[in-house]
Student: 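Pasting a structure below so you can have a look.
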Amino acid sequence: MNWTDERVERLKRLWAEGLSASQIAAQLGGVSRNAVIGKVHRLNLPGRIKAGGTSAAARTPKRTAPAPRAPAYTARPNVVPARTIGRPMGATAVKEDFEIEAINATQLMTTNVVVPMARRLVLTELTERTCKWPVGDPLKDDFHFCGAESCDNSPYCKYHARLAYQPVTERRKSAAARA
């Protein structure tokens, strides 16, 4: 829909009559309420008085601030004495109890997964067929990726895929054992 001169004049007339943007859109047809509001702003047409508002002349003047009263209390000095806070130390400190789940080394040994020899690849040397398991601290110079041959549709080699993806049944068993 194009804003023809005729439609713009009609918009100005309806706006001056006090119709809402929705009513103007319905009378013009083919435009939305937001299109009417946008055109009104682009034409810099005068704004409206808010619904339920009163004119400025009818408003009551604001009350003047009351005279300050004398305080009925004695003011505190601005200087605040320093507080010393005792912190528990040594045997009186709160100890957090937590459990560390130890990995059973014999359980890992019984599987037929062979730990791959890391090829120590940097990020730019990785391909679709290499293991992308990060090794070390990324902020250190000796950081690298495993680089062993990865399985189909997996970013990791068989060994690292087993570490990354744990079957649901194993997770449920370990959660039940902890509870």
Student: Closest approach of Cys131 and Tyr156, non-hydrogen atoms and distance?
Tutor: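 For Cys131 versus Tyr156, the nearest heavy atoms are SG-CA, 3.7 Å.
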Student: If every non-hydrogen atom of Glu128 is compared with every non-hydrogen atom of Lys132, which pair is closest and at what distance?
Tutor: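 Smallest interatomic distance, heavy atoms only, reads O-NZ, 3.8 Å.
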Student: Please test Arg13 against Glu9 for salt bridge (Lys or Arg N to Asp or Glu O under 4.0 Å), starting from the C-alpha separation and ending with a verdict.
Tutor: CA-CA 6 Å; Arg13 184 173 40 80; Glu9 289 304 318; over 6 Å; no
Student: Can Leu28 and Trp3 be said to form a side-chain contact (heavy atoms from CB on, under 4.5 Å), step by step?
Tutor: CA-CA 10 Å; Leu28 289 175; Trp3 285 101; 3.8 Å; yes
Student: Check whether any side-chain N or O of Asn2 sits under 3.5 Å from a backbone N or O of Thr4 as a donor-acceptor pair, and report yes or no.
Tutor: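 No, because the side chain of Asn2 does not come within donor-acceptor range (under 3.5 Å) of the backbone of Thr4.
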Student: Return yes when atom CG of Asp141 has more than 12 non-hydrogen atoms of other residues, nucleotides or ligands closer than 6.0 Å, and no otherwise.
Tutor: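 Incorrect, the count does not exceed 12.
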Student: Quick one, Leu163 with Tyr159, criterion side-chain contact (heavy atoms from CB on, under 4.5 Å). Give me CA distance, side-chain angles, the key distance, then yes/no.
Tutor: CA-CA 7 Å; Leu163 292 177; Tyr159 177 75; 3.7 Å; yes
Student: Please determine whether residues Trp15 and Leu19 belong to a single hydrophobic cluster, defined as Ile, Leu, Val, Met, Phe, Trp and Tyr linked transitively by side-chain heavy-atom distances below 4.5 Å.
Tutor: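 Cluster IDs for Trp15 and Leu19 match.
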Student: Might you point out which heavy atoms bring Thr130 and Ser150 nearest each other, and give the distance in Å?
Tutor: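 Here Thr130 and Ser150 meet closest at N-OG, 3.7 Å.
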Student: What's the shortest heavy-atom distance between Arg120 and Asp142, and which atoms?
Tutor: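 For Arg120 and Asp142, the tightest heavy-atom pair comes out as NH2-O, 4.0 Å.
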Student: Just jot down the side chain to side chain donor-acceptor pair (under 3.5 Å) partners of Asp152, sequence neighbours excluded, or say none.
Tutor: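 Side chain to side chain donor-acceptor pair (under 3.5 Å) list for Asp152, sorted by chain: Arg129.
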Student: Could you give all pairs that pass the side chain to side chain donor-acceptor pair (under 3.5 Å) test and reach residues 27-38, with sequence neighbours left out?
Tutor: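 Sorted result for residues 27-38: empty, none.
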Student: Hey, can you tell me if Trp133 and His160 have their rings parallel, tilted or perpendicular (30° and 60° cut-offs)?
Tutor: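 Trp133 and His160: parallel rings.
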Student: With a 4.5 Å heavy-atom cut-off, do Val122 and Phe145 have their side chains touching?
Tutor: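 No, side chains not in contact.
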Student: Between Leu43 and Leu11, is a side-chain contact (heavy atoms from CB on, under 4.5 Å) present by the stated rule, with each step listed?
Tutor: CA-CA 10 Å; Leu43 293 172; Leu11 167 69; 3.9 Å; yes
Student: Indicate the atoms forming the closest heavy-atom contact of Phe143 with Gly136, along with that distance.
Tutor: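 Looking at all heavy atoms of both residues, the shortest contact is CD1-O, 3.5 Å.
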Student: Whether the side chain of Lys12 engages the backbone of Leu45 through a donor-acceptor N/O pair (distance < 3.5 Å, no angle test) should be reported.
Tutor: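 No, the answer is negative, given that no donor and acceptor are paired below the 3.5 Å cut-off.
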Student: Does the side chain of Leu121 reach to within under 4.5 Å of the side chain of His144, using non-hydrogen atoms?
Tutor: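 In short, these two side chains do not touch, never coming nearer than 4.5 Å.
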Student: Where do Ala25 and Val31 come nearest, in terms of heavy atoms and distance?
Tutor: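 Looking at all heavy atoms of both residues, the shortest contact is CB-O, 3.5 Å.
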